[in-house]
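One structure, as structure tokens, below. Some questions next.
As the structure is a computational prediction, the values presented were derived from the model and not from experiment. Every number for a ligand or one of its atoms is a count from 1 in the order of the listing. Side chains included, hydrogens not; waters and symmetry mates left out as well; all remaining heavy atoms used.
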Amino acid sequence: MNKIEIMKHYFKTKYLRKFKTRKQLEHYQKIQIKRHMAFVFKHSAFYREFYQAKITHFDGNLEHLPIISKREMMENFNTLNTANINKDQAYHLALEAEKTRDFSPKLNGISMGLSSGTSGNRGIFLISDKESAKWVGTVLAKLLPGHLFEHHKIAFFLRANNNLYSSTENGRITFHYFDLLDEFIAHQKKLNDLQPTIIIGPPSFLRLLAEWQEQKIINVSPSKIVSVAEVLEDIDKYYIEKIYNQKLHQVYQSTEGFLAATCSHGTLHMNEDIVMIHKEYLDEEKGIFVPIISDFTRTTQPIIRYRLNDILIESKAPCPCGSPFLALQRIDGRCDDLFLGLKNTSTDRCTLFPDFIRRAIMFASDKIVEYKVIQVDMLKINIHLKVNGQLEEVKEEVRAEMVKLWKSYELIIPSFSFLPYDLKPSDRKLKRIESLLKENHHDQNV
Ligand SMILES: [Zn+2]
């Protein structure tokens with residue numbers, strides 16, 4: 001990977017792009033968007049056609065342009081990307097790479113990866129070497145404690161689905177890749193030998209590492225731990241923070257882009273120096289929204305006015321760090337994991353956000369060690385519990401909180417079934433709050 005390019009973006013992100021006020025930031029974004037859109041209109045036939053009427057008088061204001069989602073992005077893949085890459089070819093190569101675990105093959109000099117999702121519903125994402133170096137530089141700038149010239153051993157626990165994350169030697173900083181499919185015992189040995197200074201992984205694995213640390217199976221003392229790739233639940237955050245006696249950091253990264261990272265105060269800020277965010281509110285009063293992103297750094301597969309499938313909750317209070325970047329209270333979950341309830345009085349449905357479920361569980365009892373809540377159908381909820389104490393007692397407390405929640409929205413009370421907690425961290429993403437409702441999964445055939 002191009003080290004100079006990495007360094008350039010590291011320094012730009014860390015030292016040059018400093019914004020004191022929201023106004024300064026917005027001014028910067030507008031200039032970037034104008035420049036970027038000139039490129040996009042020139043090189044992407046899809047966007048040229050899609051925004052046709054607006055091109056001639058484009059003033060840097062994206063807000064009025066139509067929105068796309070994964071469906072449109074995949075349907076128009078061949079004309080949307082600017083590297084002349086054919087979707088079937090790319091898909092074939094990416095699948096092959098996943099099968100063989102060799103992520104090095106490229107097409108026209110471009111790497112590709114598959115987004116997670118059910119088969120047939122997986123997006124393909126393209127990234128050039130230059131974009132990849134830019135990504136590494138930006139991530140390092142936002143994540144590395146101290147500066148680039150200190151020694152760091154970074155342990156990366158990630159689902160491999162492209163060659164972006166392969167082990168890289170970069171002088172003082174070394175990346176050590178842990179394949180989630182490997183045996184636990186191999187991870188334990190590697191961690192003890194390596195003694196990483198930074199650990200990055202999904203919270204389900206970070207929690208497992210904390211359990212190993214508590215059981216004295218491993219003994220590592222990282223100076224920074226970063227949660228990625230799954231929704232970070234408070235129950236896991238508190239446990240990991242307690243065991244390692246430090247703040248747990250977060251990165252909100254998807255195949256669609258590097259979207260947010262925590263500041264020194266542990267607040268998640270959207271990376272508005274790379275991506276412009278528009279909010280589609282689901283509940284404005286509570287600050288719950290779906291982000292529409294426009295990344296002004298990605299050129300191979302431009303991502304403009306793209307609706308993510310995530311639910312975010314904005315922070316009401318400004319962060320003490322003073323950053324003008326949008327602060328989040330949390331990443332709530334995927335839009336697919338909204339719970340639905342039936343109104344008592346009519347055929348109307350009511351949405352229950354994952355945050356409502358999470359709060360009900362956390363409020364019910366402090367004896368809950370782990371949980372998973374699944375909406376199986378409109379009137380059936382399964383709850384898996386692992387508790388520290390009297391299980392029957394906790395079940396009743398959880399049931400009471402759930403009933404209270406459904407009642408407060410005047411909804412028909414579903415049946416709550418309690419099951420043992422038997423989930424193990426694996427290659428599959430762990431969700432503590434999940435909906436299996438058909439209504440939520442219309443995008444299956446993308
Ligand atoms: Zn902050």
task = Would you check, one step at a time, whether the test ring-ring contact (aromatic ring centres under 6.0 Å, His included) holds for F353 with F356?
result = CA-CA 5 Å; F353 296 105; F356 298 178; 5.5 Å; yes
query = Residues in side chain to side chain donor-acceptor pair (under 3.5 Å) with Q246, at least two apart?
reply = none
note = Taking every heavy atom of F363 against every heavy atom of K404, the minimum-distance pair comes out as CE2-NZ, 4.4 Å
message = For a distance under 2.8 Å, give residue and atom name for each protein N, O or S atom next to the Zn ion (ligand 1).
response = C263 SG, H269 NE2, C319 SG, C321 SG
ask   = Listed by chain and number, what are the side chain to side chain contact (heavy atoms under 4.5 Å, CB included) partners of F39, not counting sequence neighbours?
value = H43, T82, T299
query = In chain order, what residues pass the salt bridge (Lys or Arg N to Asp or Glu O under 4.0 Å) check against E434, with sequence neighbours excluded?
reply = K372
message = Keeping N192 on the side-chain end and I217 on the backbone end, is there a donor-acceptor pair under 3.5 Å?
response = yes
